[in-house]
Each structure stands twice: as structure tokens, then as C-alpha cells.
Amino acid sequence: MRKRFRSNKQSDNVFPIAIDELKQLVQDNFPNNPDLAFSIYHHNGKKMAVFFISYMVENDKIEKYILGPSLTMEKEWSTQTLLNEIPLSVGKTSTSIEDVLYGLLLGKVFIYIEQEKEIIEYILLNKEKRSLEKAETESLVLGPKIAFTESLITNLNIIRWRIRSTDLVLEEIMVGKSIKREVRMIYMKSIANETDVNTMRQRLLDLDVDEVEDSAVLSQYIEDSSSNLFPQFDTTELPDRFTYAITKGKVGLLLENSPSGIIAPASLFSFLESTEDLYMRWQTGSFLRLARFLAMFFSMIVTPTYVAVITYHFEIIPTQLLLSVGESRASVPFPPLIEALLIEFMLELLREAGARLPTKVGQTMGIVGGIVIGQAAVQAGITSNILIIVAAMSSLASFTAPSYLLGTTVRLIRFPLILLSGILGFIGLMFGICLLIIHLLRLTSLGTPYLAPLYPLSLQDFNNVFYRLPFNMENNRAKFNRPKDLVRYSAKEARKKQDIDE
Amino acid sequence: MEINSNVKSRLQFPAFYLFFIMYGAQTGVGIMGVPKYIFKEAKQDSWISILLAYILLITIVSVMLVILKQYENADIFGIQVDIFGKWIGKLFGTIYILYFFFTLLSILLNYIEVIKVYLFPTISSFSMGLLFIILIIYCVLGGIRTIVGLTFFFVILSSWILFPLYDPITRMDWDHFVPMFHATVPELLKGTKATTYSITGFELLFVIYPFIQNKEKIKLPLFLGLGYTIISILIVTVISIGYFSPLDLADIDWATLNLFKNVSYSFIERLDNLIIFEWMMVILPNLVLHMWGMTYGMKRLYKISQKTTLYTASIITLIFISFIKHDKDVTMLTDSIAQIGFWLLFVYPLILLPIVLVKKKMRRPRAEVKK
């Protein structure tokens with residue numbers, strides 16, 4: 001560390017320098033790089049060097065606004081006159097060669113006049129990016145359809161436009177030791193909990209990795225415990241979901257080159273929230289949210305229950321149903337465990353194939369797979385009709401999770417539960433469920449309990465987690481985020497009733 | 001050893017959870033078979049015995065509270081060392097820990113026996129024990145927060161068990177309760193004594209007290225929790241008396257479980273089987289709390305790390321479970337635990353109280369003289 005510091009200091013003193021020497025210095029640092037444009041101009045006995053990496057900058061602008069004015073100008077070239085004459089607003093001067101070398105990578109253009117003490121830099125970066133598109137992984141029926149893109153600047157632009165307040169902080173932190181990447185920590189200064197912000201900042205600063213590939217990777221680096229099943233930070237590609245969480249006092253992260261933002265702290269239930277619940281009427285919103293909870297639970301236990309019941313506890317099935325179950329299972333040669341694992345595995349394959357294949361082929365795959373699994377598997381006597389219904393139900397339910405990460409976790413949990421039920425019946429299933437609950441109880445996200453507001457219990461926070469009250473009753477922010485400012489508006493005023501004819 | 005235990009504030013929890021801790025620690029395997037034992041003693045007046053048990057319970061817990069309030073933030077281990085000195089105090093503390101251990105063992109053994117009798121006659125005790133031990137270890141490793149959370153969740157998740165009892169209620173014969181007030185006072189008291197095994201667990205208050213955040217609000221959740229236990233026992237016993245014939249009830253082990261036998265719906269038959277599995281959620285808080293009490297006690301008394309005690313106790317439990325095979329032995333163990341529990345939990349605090357008060361009186365003038 002110290003060595004590096006010293007070398008930094010030495011290189012700071014390069015200027016003033018001869019242009020040929022500067023050229024040599026820059027080229028030494030970018031060996032075999034044909035894209036480095038280094039051109040030298042003469043004017044009134046003065047020498048000027050302009051250099052940049054050609055595809056990192058906007059070439060038109062260089063020609064039009066830098067070379068044009070400076071080559072035709074009357075006055076003598078100096079750092080001051082150039083800064084004055086060039087009609088661009090982002091000019092700066094720099095004295096450190098380290099900055100120059102790094103600046104080239106950021107899309108800066110450097111202008112140096114021989115024997116001057118400073119070097120002029122203009123940031124004219126040209127970043128290729130896709131245009132804004134509809135959200136792909138989290139789709140909404142109502143509400144804004146726009147999604148984050150890979151460009152951090154665009155994403156920041158979207159967020160600033162959504163939260164137009166000076167209260168919004170977009171803190172810049174660099175992560176990655178060898179390949180640096182910019183992370184923006186986004187929060188509301190007067191609402192977000194201080195401890196959360198500090199913890200998050202500390203975790204980002206302490207991060208000692210070569211590079212961070214994507215925000216999903218970043219969230220795995222900085223989460224509380226890496227040995228557990230559940231995602232601990234919410235990732236979303238929807239700006240409205242992102243800004244909604246931030247205005248409620250959470251901390252958001254955006255990583256350069258990554259189309260999804262991270263929201264922390266998260267609880268198990270925040271993965272089941274969709275902003276759509278807000279856009280619906282409150283009755284529908286509440287109903288759909290509850291339906292999603294049930295769906296998650298259902299998805300986890302319905303196939304294991306089938307396996308346990310058919311293998312060990314068929315006495316709990318009423319006689320009528322038992323007859324049809326027996327009939328449909330009569331031709332199946334496998335024990336229920338194998339049967340269920342087979343079908344569940346096939347469904348997983350179908351889902352995975354659908355996700356990997358190009359869209360057009362993917363749809364065909366789905367239809368073919370559906371017919372094969374649905375009809376042919378039963379006729380061939382591999383599985384029973386009832387299991388197909390059960391498995392389809394559980395897999396359908398797992399897709400209702402607004403968060404793709406949680407959906408996959410739920411589908412993963414099903415397999416150990418099926419195994420346990422197949423081996424030990426309901427005892428195994430109960431064991432699995434108990435273990436899962438203990439596991440969830442032990443989890444934290446940024447130090448906040450994962451099952452909040454259920455445990456620790458805080459009844460007034462149930463609103464907006466398990467159901468949604470009409471907006472005039474939501475006068476407080478959720479307490480378990482520990483926001484600095486709990487009150488959104490005065491409850492008394494909201495409750496004020498008007499008399500007739502007033 | 002310090003008499004007061006300084007618990008870090010982030011480990012403390014609100015008094016509100018005491019409701020669930022008390023119910024979770026008290027309700028376990030006892031309630032599965034308790035109607036038979038009370039009925040044997042007090043016959044159709046069993047309900048009076050249970051109400052008497054509630055009065056007894058409230059008295060004892062109040063006594064415990066008075067003892068605890070004499071100190072700043074102490075638990076039973078510290079108090080005993082303070083009163084009886086280092087050696088005897090630690091000996092008494094060890095008795096408590098052993099009591100916790102054998103309670104845990106008897107709960108596990110009883111439940112495994114129920115599983116064997118009702119569902120899987122050939123399942124090995126060891127594998128059943130192993131399942132529970134894994135859950136206990138995983139939970140206790142999470143610390144007091146996880147333990148309280150588990151108790152809270154499982155008490156709520158298993159509370160539906162009482163609802164299907166509406167079915168036996170409709171089939172009850174209320175004539176079984178007349179003539180009322182037939183039992184003599186000694187019979188009633190014997191019935192109360194038979195109830196005590198099912199309501200043990202409140203002794204954990206002695207251990208968990210320093211972990212409570214707002215001690216001034218402790219009374220309401222505490223007594224409500226105890227009341228919920230008693231009400232459950234009362235409901236189950238009253239229904240059993242009305243539902244079974246008086247001649248049979250004295251012979252029915254696990255009468256409570258048998259109450260569910262007749263409950264059936266169009267989509268589910270034999271609800272009793274499900275209830276037995278759901279009972280896993282009823283006994284887990286029990287097991288986990290006792291295991292935690294044990295590990296924490298060992299840390300307080302001998303400075304042994306909680307993890308060491310946890311693993312050692314788990315292995316010993318597993319060994320015991322694999323060797324105790326006959327239901328005769330299980331019954332013997334349960335009976336002796338019930339006996340010891342009666343003396344240790346219901347009688348001992350009454351003896352401890354005057355000693356604590358006298359000692360405090362004696363100490364105060366001395367402290368004033370020093371000033």
C-alpha cells in the first residue's frame with residue numbers, strides 16, 4: 001500500500017514534460033494498443049498533444065468542439081486560453097499522470113500544451129447502451145413498465161426523475177480491486193435508518209474482491225450469511241419498485257453495467273410484495289397479496305403431502321377419494337416418492353429449457369413438454385393423474401412470486417421436503433417444516449430479522465406486508481425499517497369528517 | 001460467579017413473549033394423557049382440581065416473582081449461590097439442570113412412544129430422537145432470539161388443535177358431571193397433584209427472567225400464559241369426562257388424542273393422525289427451552305460454553321433414548337420426574353422465599369452501617 005502511494009507521488013511530478021516523452025509514457029502504459037489516438041499539432045511555435053481512446057469518446061465532438069476552435073484560434077495556446085476558448089462545459093485540469101491513464105479508460109480526452117504545468121481533460125464518453133425497454137423478468141399489468149438498463153447514468157436519471165427531492169442521496173463507492181466498478185448507494189437522508197446506511201457503506205468499503213460481475217453477485221458478497229437458502233436482499237429491475245422501497249426508508253444499490261438494483265434490508269415478505277398491489281384497489285391488492293402467501297406455502301408442501309399421504313397415511317383420505325387415487329395409481333409401478341421426484345424433475349427441466357431457449361423455440365417447447373408430461377406420462381403408466389394435478393399446482397404456485405429469486409428458492413426447497421416425506425411420512429414433512437422455520441428465524445438481512453414484522457411482532461406494520469389498507473389509513477412508515485421519520489402524515493387530519501353541506 | 005447476570009440489551013426480549021414462553025414450556029406431552037390421571041383421583045369433580053391447580057400455580061409463580069425481585073437482574077443459579085454459598089448453591093443449581101435434562105428426556109420418550117403406539121410401531125427410537133436433536137441443536141445454536149421466536153411461532157401455529165374439539169363437545173353427555181361436589185378435599189388435592197406434571201415448565205421463568213426487557217410489565221403476559229395452559233387442560237379434561245364413559249376413562253392413556261378420533265371431514269378422515277404430527281410443534285418449544293435452560297445454567301454455574309453443553313447433552317439424550325425401550329421404563333421415568341418436579345417446583349420456592357427475605361433484611365443494616 002505504502003509503495004503504491006509513493007509511486008503515485010512520484011508520477012504526480014511529471015509535468016511539465018516534453019510531448020514526445022508524454023507520448024512514450026502513455027504508450028508504455030497501453031502496450032500494443034492500436035486504438036490509442038495520440039496526435040500532435042503545431043500553432044504559432046507551440047506544440048499541442050490531443051490523445052484519447054478512439055471508441056471510448058465521441059469523435060464528432062472532438063473534431064467540432066476541441067480541434068476546430070483551438071486550431072483556428074488567434075490567441076497563443078496556453079492552458080487557460082484553451083479552457084476559455086473551447087465551447088464545452090466539462091473542462092478540468094489535472095496534474096497527475098495516474099489520473100490521466102485512468103481517465104483514458106473513462107472516456108476522457110486529454111489536451112496537453114508542451115511545457116505547461118497542467119493537462120486539460122474533457123469527459124466526452126461514448127457509452128454504447130440499449131434503449132429503455134419493458135421489464136422482462138418482473139412484469140406488471142398496471143403501473144410503469146419501464147425497466148433499468150445496463151447504463152448507470154440512465155438508471156440514475158430514471159431515479160432522479162422519480163424522486164425529485166434534494167433529500168435523495170446517491171453516494172458513490174468504488175468496488176473491485178483490480179477492475180473497479182462504480183456502485184451508487186441510494187437512500188433518503190431524512191428517512192433512512194442511519195445504522196443501515198452505515199452498515200451497508202462499511203460492507204461495500206470492506207469488500208476485498210478482484211471484480212464484481214453483477215449486482216446479483218454483489219448482493220451475494222455483502223449479504224449477512226452466505227450459507228443459507230433464501231435471498232437476503234431484494235433485487236429488482238423495476239424502477240418503481242426500487243424507488244418505492246427507498247421512499248419507505250430502505251437503502252438501494254445500483255451497480256454499473258447491471259440492469260437490476262438491490263434493496264436492503266429485505267424480509268421474507270418483501271419478496272412477495274409487488275408494487276401492483278398499490279396500483280390496485282386496496283381490497284384487490286390485499287386479496288392478491290394474501291393469495292401469493294398461500295401460493296408459496298402451497299407450492300412447498302403440496303407435493304410432499306401427496307407423497308407422505310400415499311406412502312404412509314392413506315387412512316386420512318376419505319374413501320371416495322381413496323378409490324379414485326387407487327385407480328389412477330393402479331398402473332404406476334413406482335413408489336410415490338420416485339413418481340413425484342420424476343414429475344417434479346421433468347417440470348423443472350421444462351422450466352429451465354424454456355428459460356434457456358430462444359423465445360420462439362421456447363414456446364413450442366412449452367407446448368410439447370406440456371402434452372408429453374400431461375397426457376403421455378399418464379397413459380404410459382409412469383405417473384398418476386392426481387400427481388400431475390398436484391405437481392402442476394405446486395409449480396404454478398411457485399411462479400406467482402414477484403421475485404424470481406424467491407420462486408427458485410421455493411422450488412428448490414420442495415425437493416428435500418419430498419425426500420423427507422417419502423422416507424418418514426408426515427414426521428419427515430413436519431421435521432422439514434420445523435427446520436425451515438428455525439432457519440428463517442435465524443436469518444437476518446442487514447441486521448434486521450428476516451421474519452419481521454411477524455417476529456419480532458409488530459402489529460401496526462402488518463399493513464403493507466400482509467394486506468393493504470386504504471391510503472388514508474397508512475399514516476406511518478413501517479416500524480421494522482426503523483426509519484428516522486416514522487410519520488407520513490397526521491392521522492388526526494386524515495380521520496377528520498366533514499359535516500353534511502359544508 | 002456473579003449473582004446478577006448482565007445480559008446484553010440486544011439479547012433481551014419484550015415481556016409480551018412470556019405469554020408464549022409460558023404456554024410453550026408448559027404444554028407438551030403432559031396434556032395428552034392428563035385427563036386420566038386427574039379423573040382417577042377426583043372423578044367428575046376433576047375440573048375443581050384443575051382450578052385449584054391454577055390457584056396453586058399463581059401462588060407459586062408470584063412467590064418466584066417476589067424472590068426474583070429481591071435482586072437486580074438475577075436468575076435462580078445466582079440466587080442460590082448467594083444464599084447457600086458457593087458449594088451448596090452450585091449443587092442446587094446442578095439439581096435444576098439435571099431436572100431440565102430428565103424433563104427433556106421424558107418429553108421425548110413419551111412422544112416417541114405415542115408415535116409408536118399410534119402410527120409407526122416399528123420405527124426406531126434412535127432415528128426419531130435424532131430428528132428432534134437436530135432441530136433442537138439447530139435452534140439453540142441460534143440463541144435466545146431464535147428460541148423465543150420458535151416458541152412464539154409454534155404456539156400460534158399449533159393453536160388450531162383445540163378447534164376440532166367442537167366435534168366431541170357435541171357428543172358429550174353432561175350427566176357424567178353429576179353429582180357435583182362429590183369428591184372430598186383430599187381427593188381434590190390429589191387431583192391437583194396429578195395435574196402438576198402437565199403444568200411444569202413455568203420454572204423456566206427462574207432462568208429466563210434476566211432476559212426480559214421491560215420487567216415492570218411482566219405480570220399480565222405471565223399470568224395469561226399460565227391461564228391459557230390451565231384452560232387447555234380444563235377443556236380437554238371436561239370434554240374427556242363427558243365424552244368417555246366414567247368406567248373407561250380411567251383406563252385410557254392419551255385420552256386427549258382419542259378425543260380427535262371421531263373428527264372427520266369430507267376432505268380428510270382420521271384427523272387424529274394429523275394431530276399427532278402437529279403435536280411435534282407443541283413439544284418442540286418445550287424441548288428447546290429446556291435444552292437452552294440447561295446450557296445456560298452450565299455456563300452460569302461452571303463457565304462451560306453453551307455449545308459444549310449442547311452437544312454433550314444431545315449425545316447423552318440420544319444414548320438414553322436408544323436404551324430405554326419399554327413403556328414401563330418411560331412411565332417410571334415420567335412418574336419420578338413428576339414427583340421430583342412437584343417438590344422442586346411447587347414446594348421448594350415456598351421454602352426459598354423466607355430465606356431470601358430474611359437474608360435481605362439481615363444484609364440491609366450491615367450495608368447501612370458500612371455507609
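Within every chain, numbering begins at 1; the chains are lettered A, B, ... in the order of the sequence lines, protein sequences first and strands thereafter. Computed from a predicted structure; not experimentally measured. The figures that follow rest on heavy atoms only: side chains count, while hydrogens, waters and symmetry mates do not.
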Inset, instruction - Quick one: closest heavy-atom pair of B:E269 and A:P318, and the distance? - result: OE2-CA, 3.4 Å

Inset, instruction - Under 4.5 Å heavy-atom distance to chain A, tell me which part of B:Y138 shows up: side chain, backbone, both or neither. - result: both

Legend entry - 4.5 Å side-chain heavy-atom contact, A:F431 and B:I134: yes

Inset, instruction - Measure the spacing between CG of A:L440 and OG1 of B:T146 and express it to the nearest 0.5 Å. - result: 11.0 Å

Inset, instruction - May I ask you to test the B:L274-A:H313 pair for a side-chain heavy-atom distance under 4.5 Å? - result: no

Legend entry - Contact class of B:I115 relative to chain A, heavy atoms under 4.5 angstrom: side chain

Inset, instruction - May I ask you to name which of B:Y265, B:F152, B:F267 has the most heavy-atom pairs under 4.5 Å with chain A? - result: B:F152

Legend entry - Top contributor to chain B contacts, counting heavy-atom pairs under 4.5 Å, from A:L435, A:I427, A:I437: A:I427

Legend entry - Pairs of heavy atoms under 4.5 Å with chain B: top-ranked of A:H439, A:Q320, A:R442, A:E315: A:R442

Inset, instruction - Would you give the length of the straight line joining atom CD1 of A:I433 to atom CG of B:L135, rounded to the nearest 0.5 angstrom? - result: 11.5 Å

Legend entry - Verdict with supporting geometry, B:I276 and A:F426, side-chain contact (heavy atoms from CB on, under 4.5 Å): CA-CA 10 Å; B:I276 290 169; A:F426 270 135; over 6 Å; no

Legend entry - Contacting moiety of B:L157, where chain A heavy atoms sit under 4.5 Å: side chain

Legend entry - Contacting moiety of B:I268, where chain A heavy atoms sit under 4.5 Å: both

Legend entry - A:Y455-B:F13 aromatic ring centre distance below 6.0 Å: no

Inset, instruction - Heavy-atom distances under 4.5 Å only: say whether B:F132 touches chain A with side chain, backbone, both or neither. - result: neither

Inset, instruction - Could you tell me which of A:L457, A:L451, A:V309, A:I317 has the largest number of non-hydrogen atom pairs under 4.5 Å with chain B? - result: A:L457

Legend entry - Interface moiety of A:L424 toward chain B, non-hydrogen atoms closer than 4.5 Å: both

Inset, instruction - Answer yes or no: are there more than 12 heavy-atom neighbours, outside B:K299 itself, under 6.0 Å from its atom NZ? - result: no

Legend entry - A:L429 portion near chain B, given a 4.5 angstrom heavy-atom threshold: neither

Inset, instruction - Using non-hydrogen atoms and a 4.5 Å limit, figure out which bit of B:V148 sits close to chain A: side chain, backbone, both or neither. - result: both

Inset, instruction - Give, as side chain, backbone, both or neither, the part of A:P456 having an atom under 4.5 angstrom from any heavy atom of chain B. - result: both

Legend entry - Option that, when pairs with chain A are counted at under 4.5 Å, heavy atom only, ranks first among B:L119, B:L150, B:I147: B:L150

Legend entry - Under 4.5 Å from a heavy atom of chain A, the part of B:I123 involved: side chain

Legend entry - Heavy-atom neighbours of A:F298 CZ exceed 12 at 6.0 Å: no

Legend entry - Per-residue contact mode, B:F277 against chain A (heavy atom under 4.5 angstrom): both

Legend entry - Heavy-atom contact with chain A under 4.5 Å, split by part of B:S264: neither

